[in-house]
Amino acid sequence: MKFDLVHDIQKTYRSLVQAMSNPGVIVNVAQYVDKNELEFDFYDTTFALMYMLLDAEVSFKIYSAKADKTSRYFTQLTHSRPQDVKAANFIFVLSDASEDELQEAFTRSYEGDLIDPHKSATIIVETQGITAEKSLALKGPGIKDTNYLAINISERWVVARAEKNKEYPMGVDVIFVDQQGNMACLPRTTQTLQVVK
Amino acid sequence: MNYEYNFGFFDEGSKREIRRTILKAIAIPGYQVPFASREMPIARGWGTGGLQITLSLAGKGDVLKVIDQGSDESVNAVNIKKLVNKTTGILETIDTEAATLIQSRHRIPEKYLKNGQILVLQVPMPEPLRRVESSEYKTKRLHADAEYSGAWLMLFEQIVKYGSMTTGAAHPVFVHDRYVMAPSPIPKYDNPKMNHSEALILLGAGREKKIYAVPPYTKVVSLAFEDHPFEVENVEGRKCHLCGATGIFFDELEDDETGEVYYQCNDSSYCLSRLNSDKEVQ
């Protein structure tokens, strides 16, 4: 069965809405995105997010060892245009991006301004795994008491994200994805605390 | 003429625009995110904002409930349901608990909404400061500076003139300690239901081209003064003449012949579910 650009994207989107409105809650979209039969160098969930979010109205930036090739691919499929990290609406940090590139995505992305905080970037990060282990303790809107999240990538981004989001309502929203079809979100309102092990 | 529409009436490009806007709205609770509001087969001001959100969210397997002033069966509610049903084929319900998507005009259902359900409210006037500042250019800057003297003054003037805050519906709320928000013209009775609601609340204004949101478990406080606390409508001593419910929001009706005033549950499906459940009525 082929990946359905209407229905599978709708299902993936609803899962994303659930994840964005309940930060730290892990949703799984494997049953929708795994239907994809095309070959590319990124995760199936990233492919679904590309189709769900990108079109000619918005711009993107890709961090990857094959950034040029993937950027061309994104543009061909969505008519969205690649843009410098400072101006891009969506920033994709793919699994083969370096740690410094992940850091750059957080430090140099656009956080919006006080008049138009919605013009800020959304960062999509491919990770090696997302679990509910007690690594990061999350608080904020969408969280009843405390949610916990563990993202299997270098943890330097946590400080960079907190720095970027320190002047609410300005800030960036983050979507983490992994190869198993898991997704978790950290909107700018979520406060993170690293749990001491 | 028999046109074939895409699933959910809109083309995928339109859905993408609305979906991106909803994500930003969830990320910035109470902030009105501008969006390219689409032309609809119903007139602006008749629920196009809510409908655009509903159609962008809806998918196979969803169950939709639409209410208009508490009623599942008013013309507006029925026609919105018909439009969604004809262009998506999704199921309809009047049962609040069975619905995954609830589009509402000016009420939050009496039954407690759960996490995973989405309440979509139709908003005619999304800008809480519009009565004190007519320029959108300026209100955006007032929100940027969290300069809400206008909203406070509006309530203060009501107290000076009438002795109490006279907002019947759309009493402004403070969301996540940052944005003053118009909760759509829901009665004051419903305002406290927004505070730490389990369900996601999305608000859409089609004519004014704004979408905003209250995520679950978010602090929502109705504006009030220390010496004039926020009060919901007084429903004491009132009782539904059909199901006998007390302590909920009522419609006030008058007998044409005797002139006697009586009350009925405003939420028609709540009333019906009580009538159908013998145990509850007894």
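No hydrogens, no waters, no symmetry mates; every other heavy atom, side chains included, goes into these values.
For the atom pair CD1 of B:Ile211 and NE2 of A:His118, the computed distance is 11.5 Å after rounding to the nearest 0.5 Å. Atom OG in A:Ser21 sits 8.0 Å away from atom CG in B:Leu202 (nearest 0.5 Å). Atom OH of A:Tyr168 and atom OH of B:Tyr31 lie 11.0 Å apart (nearest 0.5 Å). The CD1 atom of A:Ile115 sits 6.5 Å away from the OH atom of B:Tyr137 when rounded to the nearest 0.5 Å. Taken from CG in A:Leu54 to CZ in B:Arg16, the straight-line distance is 8.5 Å, to the nearest 0.5 Å. Rounded to the nearest 0.5 angstrom, A:Met20 CE and B:Ile22 CD1 are separated by 12.0 Å.
Annotation: residues 139-163 of chain A contacts chain B through A:Gly140, A:Pro141, A:Gly142, A:Ile143, A:Lys144 [non-hydrogen atoms, separation under 4.5 Å]. Residues of residues 57-73 of chain A placed with any heavy atom under 4.5 Å of a heavy atom in chain B are listed by number as A:Glu57, A:Val58. Annotation: residues 127-134 of chain A contacts chain B through no residue [non-hydrogen atoms, separation under 4.5 Å]. Proximity to chain B at a heavy-atom threshold of 4.5 Å picks out nothing from residues 103-113 of chain A.
A side-chain contact (heavy atoms from CB on, under 4.5 Å) with A:Asn22 is found for exactly one of B:Asn115, B:Leu200, B:Ile26, namely B:Asn115.
If you measure heavy-atom distances from A:Leu5 to chain B, the contacts under 4.5 Å come from the backbone alone. Only the side chain of B:Ile118 comes within less than 4.5 Å of a heavy atom in chain A; its backbone stays farther off. Residue B:Ala58 touches chain A through its backbone alone, counting heavy-atom pairs closer than 4.5 Å. Looking at A:Thr190, there are no atoms closer than 4.5 Å to chain B (heavy atoms on both sides), in backbone or side chain. Interface remark: B:His176 contributes side-chain atoms only to the contact with chain A (heavy atom separation under 4.5 Å).
When all heavy atoms are compared, the tightest approach of A:Thr189 to B:Ala27 is CG2-O, 3.4 Å.
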Problem - CA sep, side-chain torsions, deciding dist, call: B:Ser56, A:Gln10, side chain to side chain contact (heavy atoms under 4.5 Å, CB included) - result: CA-CA 8 Å; B:Ser56 305; A:Gln10 184 273 335; over 6 Å; no
Practice task
Determine, stepwise, if the pair A:Val6 / B:Lys60 fulfils side chain to side chain contact (heavy atoms under 4.5 Å, CB included).
Solution key: CA-CA 11 Å; A:Val6 175; B:Lys60 289 175 182 171; over 6 Å; no
Exercise for the section: Quick one: do B:Lys24 and A:Thr122 satisfy side chain to side chain contact (heavy atoms under 4.5 Å, CB included)? Show the steps, please. Expected result: CA-CA 9 Å; B:Lys24 284 290 179 202; A:Thr122 301; 3.2 Å; yes
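Between A:Asp173 and B:Leu23 there is no side-chain heavy-atom pair separated by less than 4.5 Å.
The environment of NZ in B:Lys219 is sparse: at most 12 heavy-atom neighbours from other residues, nucleotides or ligands sit within 6.0 Å. For B:Arg131, the CZ atom is loosely surrounded, since the number of other residues' heavy atoms within 6.0 Å does not exceed 12. Around NZ of A:Lys119, the count of heavy atoms belonging to other residues, nucleotides or ligands within 6.0 Å does not exceed 12. The number of heavy atoms from other shown groups lying within 6.0 Å of CD (A:Glu167) does not exceed 12. Around CD of B:Glu136, the count of heavy atoms belonging to other residues, nucleotides or ligands within 6.0 Å exceeds 12.
Judged by distance alone, with hydrogens and angles left aside, the side-chain atoms of B:Lys15 form no donor-acceptor pair with the main-chain N or O of A:Met52 at under 3.5 Å. The backbone N or O of B:Leu57 sits nowhere less than 3.5 Å from a side-chain atom of A:Tyr13 that would complete a donor-acceptor pair.
Each of B:Asp62, B:Leu142, B:Asn6 has some count of heavy-atom pairs under 4.5 Å with chain A, and the biggest count is that of B:Asp62.
Under 4.0 Å is where a charged nitrogen must lie from a carboxylate oxygen, and between B:Arg20 and A:Asp55 at least one such pair does.
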